Amino acid sequence: MSDSKAPFAAEVFQNEYLAAGADTVDAIVTVTAEGSATVAPAAAGHVELIIVDCSGSMDRNRKIQAAREAAKVAIDCLDDGVEFAVLAGSNTARQVYPATGLAVAGPNTRQPAQAAVDRLEASGGTAIGSWLHAAWRLASSRPSANRHAILLTDGRNESEDPSYLGQVVESCRGSFQCDCRGVGTDWEVEELRKIGTALLGTVDIVADPADLAGDFESMIIASQGRGIADVSLRLWAPQGAKLLSMSQVAPEILEIKSAPSPSGPLAHDYLLGAWAPGDSRDYHVRIKVRPGNVGDEMLCGRVSLLLADGSVAAQALVKAVWTDDTELSTRINKAVAHYTGQAELAAAIQEGLAAAKAGDDATATVRLGKALKLATEAGHSDTVRLLSKVVDPIDAATGTVRLRVATRADEMQLDTRSTRTVRLSKKEG
Amino acid sequence: MSSVPPAACSTCGEALEDGARFCEACGAAVEGAAPAAASPPGDPAAATGPPCSRCGGGVADGYCTNCGLRADCVTVNDRGPLAFATHRGRRHHRNEDAAALGLTAEGYPVLVVADGVSSSPNPDKAAQAATVAAISALAGQAFTDAALLEAVRAAQEAAAGVPAEGDDAWTGPADAAPACTLVIVVATPSQVHSVNLGDARGYLVTGPVGQRVVCQLSADDSIAAQAVRAGADAAEALAAPGGHTITAWLGADAPPADAHHLVHERDSTGAGATLVACSDGFWNYTLDDRGLAAELDAVEAGTRDTDEGRLGLRCKALVDWANDQGGSDNITVAMAVLEGEHGTLRAGVKTMSACDASPAARTMRTRRGGQ
């Protein structure tokens, strides 16, 4: 049952039976924002920041032209009333429109903004930390709004101290969400992945600059659809328990960082960012507890979904029951097994690609072959397709493959999408 | 459902205290009593109810907010000279035992224990129904053999009337019937009466600490008991496979069987007498009656005479002990002090005689169907 105050549902999938002395509990928690029109009160405002790489290399392959087009399309898609700014990034960040602060999207501002974008020129280096810092200053001026940024780059972060980017990313956590796009193939997947993970945004490659406009349009529309701002997940575990891991596993694998919860020392809060009605995400929780006696039942984890105002929108319980019935304790919950397999798949892809890059073809063949086997078994057809551009399947069932001479773009696409997961039909969960 | 709880117990008719959720006389739940406050939504879950028995933390939603264990206390009902404790044990998910305490019109103590048969649907409801029927037929009534027979008959009828539907934990055939065992023990000044069907037991324990005499009052209806009556060794018979299978019980599909009505004469020893009724989840761990005596000595040593509710504490200590031995079944122990250790007489008792250590001087059989 949902009402306008509680638009979320949370469900737990697990085998709660543990053998005597066993101490580790695994569970999948599915969180769904109800897809109804009555939704939590809309955030106090919405902020969109468009950060465009204007380094010298953008002059090649019509990248800067495509970036101008994409930014103009994004401005067109802004809803009236959304506050926005366009930043040009090189060795520093420069505000393109408005001159300072934020503008309110409307008939009076879109055209001047697009005219300013048309004057973007490519020159200079790439210092992404400084771009994020500028975005942070703008986002912080509207702390209760739904705050989102698009970051476009075409190259590596070469123009600043590498540790600076890490520091800025950490300080931006929770200030705004950032979707990252790399155009062409000269940028580092790992760099953007770190930003996307910390700032709760997606990462993807746009190999052909002509596709940028469509991608920006999708991102703006999606962001404006996420009307439930600043959702967080509170995880309580009992005294003596240790949270071994807590990560998002669907729609993609994402590490999420916790902060100590104001509700007490036994709980941790995870920022989940903004949600749209209908969004559904899966989380994997692994908790280590003090084993009980056979027959004991324990609440190992209480998952609470919190809205921006701190109210609880949904709760789910992760339990353990100790038994000496081995038929019960050796069962593996299908959802848990599925996502364990998906995590293995993502790791196999990333390790395989890293090995190929380092010239270790033998390891790359084994790991990517394993990935193909896992993806085929899971019915992950998207990943099978991406893998097939990088390896030649000799026998998908056993994971025997041969490395192809793949384009850099295909490898990077496989890399950025390696964390995307498929969902299990929950009827069996 | 009325929001005003009744003034008198619907089971035995005794007056109820305001706001009581359980009847003081027979222990039955009061119909329409307000349930324990539900924990309000919010975070962290607000604690309600008694604290966790393992770590003392607050309990919310049935789980401890500190150690996370399911709040799972031993249920203790203490009426001074009568008390019982019951718990689901360590293996069973649900407590299917039931117990009740009462006094006849003359003031004779009555203990009732029923043990739901796990291999039947709604065994907990069968045990509850049988117990409530038995105690309401005896509590506050004049005590006669006829009253005792009527109590058994009423219990059989009540158990047989429990529907099989509605048990979420039942995975067996749809035509199975709820079933339970039953033992009723009553002590008059000169006798102890025991009536049982199945393997719930009654005992009389007399004598001072260290020199206790344990007398089993009831006669098990089990494969092992049959073997013993045919000459087998008791320990071997109980250890043999299927030894614990019961041969008589209460329920719509019970085989025609007479309840064992056994009467024991007793004298006052001046050194204490205690009436005990228990389910097999307890006595299975005592192996022989000597074991029961030793455990009674131990729990008595653990509670001081001045402790309030000491009989309830002793019952709970026996339940805890059985759990420590393994707790493989539901555990219920009910006790009534007939005579204090220093020979003080219980009010209403005129003379007492010693228990005859060998079973029954006189036996009578009851007939099903209320003849």
Side-chain angles (χ1 to χ4, degrees), chain A residues 1 3 5-6 8 10 16-17 20 23 25 232-242 261-269 287-307 309-325 328, chain B residues 38-49 51-75 86-97 118-119 168-169 171 281-282 285 319-331:
Chain A
M1 284 293 156
D3 55 14
K5 279 279 189 179
F8 280 89
E16 51 195 37
Y17 293 103
D23 61 5
V25 180
S232 55
L233 185 151
R234 177 165 293 161
L235 180 57
W236 170 96
Q239 187 71 252
K242 186 165 179 224
S261 172
S263 74
L266 295 177
H268 290 85
D269 286 356
I287 309 175
K288 183 168 167 173
V289 295
R290 292 193 195 131
N293 302 320
V294 170
D296 278 349
E297 294 183 26
M298 182 190 282
L299 181 62
C300 303
R302 181 192 294 275
V303 174
S304 311
L305 259 296
L306 304 179
L307 301 177
D309 61 1
S311 62
V312 177
Q315 275 202 29
L317 305 182
V318 177
K319 299 184 195 167
V321 180
W322 281 269
T323 178
D324 50 8
D325 181 341
L328 290 175
Chain B
S39 85
D43 184 274
T48 56
C52 171
S53 56
R54 301 277 182 104
C55 73
V59 167
D61 288 348
Y63 293 96
C64 174
T65 55
N66 183 52
C67 72
L69 285 168
R70 191 178 110 175
D72 194 19
C73 309
V74 174
T75 303
T86 183
H87 189 254
R88 67 178 174 96
R90 295 227 181 279
R91 305 294 164 109
H92 285 227
H93 184 82
R94 173 170 69 175
N95 191 353
E96 294 154 5
D97 281 359
S118 298
S119 54
D168 292 332
T171 52
F282 174 73
Y285 289 114
V319 169
D320 289 342
W321 168 80
N323 262 329
D324 288 341
Q325 306 313 302
S328 64
D329 197 351
N330 305 144
I331 306 162

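Quick caveat, the model's predicted, so the values are computed rather than measured. Throughout, protein chains are lettered first and strands after them, A, B, ... in sequence-line order, and every chain is numbered starting at 1.
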Compare every heavy atom of A:P238 with every heavy atom of B:G68, then report the nearest pair and how far apart it is. N-CB, 3.7 Å

Residue A:D324 versus chain B: region with a heavy atom under 4.5 Å: side chain

Check A:D296 against B:R88 and note the closest heavy-atom contact, atom names and distance. CA-NH2, 4.4 Å

In terms of heavy-atom proximity below 4.5 Å to chain A, should B:C55 be classed as side chain, backbone, both, or neither? neither

State the OH-CZ distance between B:Y63 and A:R302, to the nearest 0.5 angstrom. 9.5 Å

Quick one, A:Q239 and B:N66 - any side-chain contact, counting heavy atoms below 4.5 Å? yes

dist B:R70:CZ -> A:K319:NZ (nearest 0.5 Å) comes out at 9.0 Å

